[in-house]
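In what follows, a single structure is set out as C-alpha cells and then discussed.
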Amino acid sequence: MTLPRELHTERLFLRRWLADDRAPFARLNADPRVVEFLPAALSREQSDAVAERIETHFQQHGFGLWAVEIPRITPFAGFIGLSIPRFVAAFTPCVEIGWRLDADYWNRGYATEGARAALAFGFLSLQLEEIVSFTVPANLRSRRVMEKIGMTHSSGDDFDHPALPEGHLLRQHVLYRLDRPRFARQSAGLGG
Ligand SMILES: CC(C)(COP(=O)(O)OP(=O)(O)OC[C@H]1O[C@@H](n2cnc3c(N)ncnc32)[C@H](O)[C@@H]1OP(=O)(O)O)[C@@H](O)C(=O)NCCC(=O)NCCS
C-alpha cells in the first residue's frame, strides 16, 4: 500500500518536517501557554530531540505527527497527526491522534480541521480499527477538539500516565476513543 506523504485540507497543508521548522518549533515548546499541560517547557535541544523522534516515527511507520503549514499565513504552526505511544497501558498498543499548535493560531478551528484529515487518513488509508487520544482532565481545549472530531470519553478508561511519577500533578489522564464503525457513521452523516 502506498501511503500519501502529506495531507491537504481546506486551509492547511500537513507535511513532513523541514530543517527550517526546528526554530519555530523550539519557540512554541518554550511558550508557557503551549506547555501549560505538558510536564515542562523544552530547551532548544529537547525540542530538536522531539522533532528527531517524530522523523524517526515517520521513517518506521510511514505516518506520524505532520508539520502544519498554513499557506499564505505561516510556514509552520506546529504539528497534528498520528503516533504510536511508546509506553504500556491498558489501551496500548494503539494509535494516538495528537496536536500542538503555536498559540498565535489557536481558536480558529485549525486543530479540528487537521485532526479530521488525520482521522480519515488513519481509518481509510491505514485501515485502523480504533484511534485514541489522551490528555490531562484540565486541558479543556484539547478535550474540546477530541469531542468536536467525534471521540468519546468514558471515565472507566481514565489512567495514570506511566511516564510521570506518582503524585505528579499531570499524572492523571483522560482517554478518548473513536472506532472505525462510528467514524464511518459520522462521516456518512448518520451521527454516532
Ligand atoms: C489543543 C490545541 C491544539 C487546540 O488548537 P486550536 O486550533 O485552538 O483548536 P480548535 O480551534 O480547533 O478548537 C478549540 C476549541 O477549544 C475551545 N476552547 C478554547 N479555550 C478554551 C477553554 N479555556 N476552555 C474550554 N474550551 C476552550 C474553543 O472555543 C474551541 O471550541 P469551539 O469550536 O467549540 O468553540 C491548542 O490549544 C494547543 O496547541 N494547545 C497546547 C498543546 C496541547 O495541549 N496539546 C494537546 C496535548 S494532549
Side-chain angles (χ1 to χ4, degrees), residues 7-15 17 21 24-43 46-47 49-51 53-54 57 64-87 89 91-92 94-122 131-154 157-164 168-178 186 192:
L7 307 179
H8 292 269
T9 72
E10 199 182 329
R11 297 177 295 170
L12 307 177
F13 177 32
L14 304 190
R15 56 161 176 77
W17 289 60
D21 298 333
F25 189 48
R27 282 198 294 278
L28 169 169
N29 283 322
D31 182 336
R33 295 170 295 175
V34 175
V35 300
E36 181 181 1
F37 300 112
L38 301 174
L42 301 186
S43 66
Q46 289 169 322
S47 177
V50 175
R53 282 208 299 277
I54 291 173
H57 189 290
L65 299 169
W66 288 277
V68 177
E69 187 169 324
I70 312 176
R72 292 175 301 283
I73 295 183
T74 181
F76 180 82
F79 67 68
I80 298 172
L82 302 174
S83 68
I84 300 174
R86 294 180 301 169
F87 60 83
F91 55 89
T92 63
C94 67
V95 174
E96 175 205 3
I97 186 165
W99 34 71
R100 189 180 303 172
L101 296 182
D102 184 327
D104 287 350
Y105 303 104
W106 287 3
N107 294 322
R108 301 184 197 179
Y110 288 139
T112 303
E113 183 173 324
R116 287 197 173 114
L119 280 185
F121 175 89
I131 295 174
V132 306
S133 194
F134 47 82
T135 188
V136 295
N139 192 347
L140 298 180
R141 291 186 193 91
S142 197
R143 295 181 69 167
R144 182 75 194 117
V145 175
M146 294 170 198
E147 285 158 11
K148 286 198 290 181
I149 62 175
M151 305 189 91
T152 52
H153 168 235
S154 160
D157 281 329
D158 292 353
F159 68 103
D160 288 336
H161 200 300
L164 294 170
H168 194 289
L169 276 178
L170 300 177
R171 188 163 147 93
Q172 196 198 339
H173 275 62
V174 287
L175 182 80
Y176 282 69
R177 296 178 184 265
L178 180 61
Q186 289 174 351

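Indexing begins at 1, ligand by ligand and atom by atom, following the structure's order. Since this is a predicted model, take the numbers as computed values, not measurements.
Exactly one of Arg108, Arg11, Lys148 qualifies for a salt bridge (Lys or Arg N to Asp or Glu O under 4.0 Å) with Glu113. That residue is Arg11.
At a 4.0 Å heavy-atom cut-off, the residues surrounding ligand 1 are Val34, Trp99, Arg100, Leu101, Trp106, Asn107, Arg108, Gly109, Tyr110, Ala111, Thr112, Phe134, Thr135, Asn139, Leu140, Arg141, Ser142, Arg144, Val145, Lys148, listed by chain and number.
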From CA spacing to verdict: side chain to side chain contact (heavy atoms under 4.5 Å, CB included), Tyr176, Ile149: CA-CA 11 Å; Tyr176 282 69; Ile149 62 175; over 6 Å; no
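Aromatic rings from Phe76 and Trp17 are positioned such that their centres are separated by under 6.0 Å.
Distance CZ/Arg177 to CZ/Phe134: 11.5 Å, rounded to 0.5 Å.
For Asp160 and His168, the side-chain atoms include no donor-acceptor pair closer than 3.5 Å.
The residues Asp21 and Arg15 are annotated as salt-bridged, a charged nitrogen and a carboxylate oxygen being separated by less than 4.0 angstrom.
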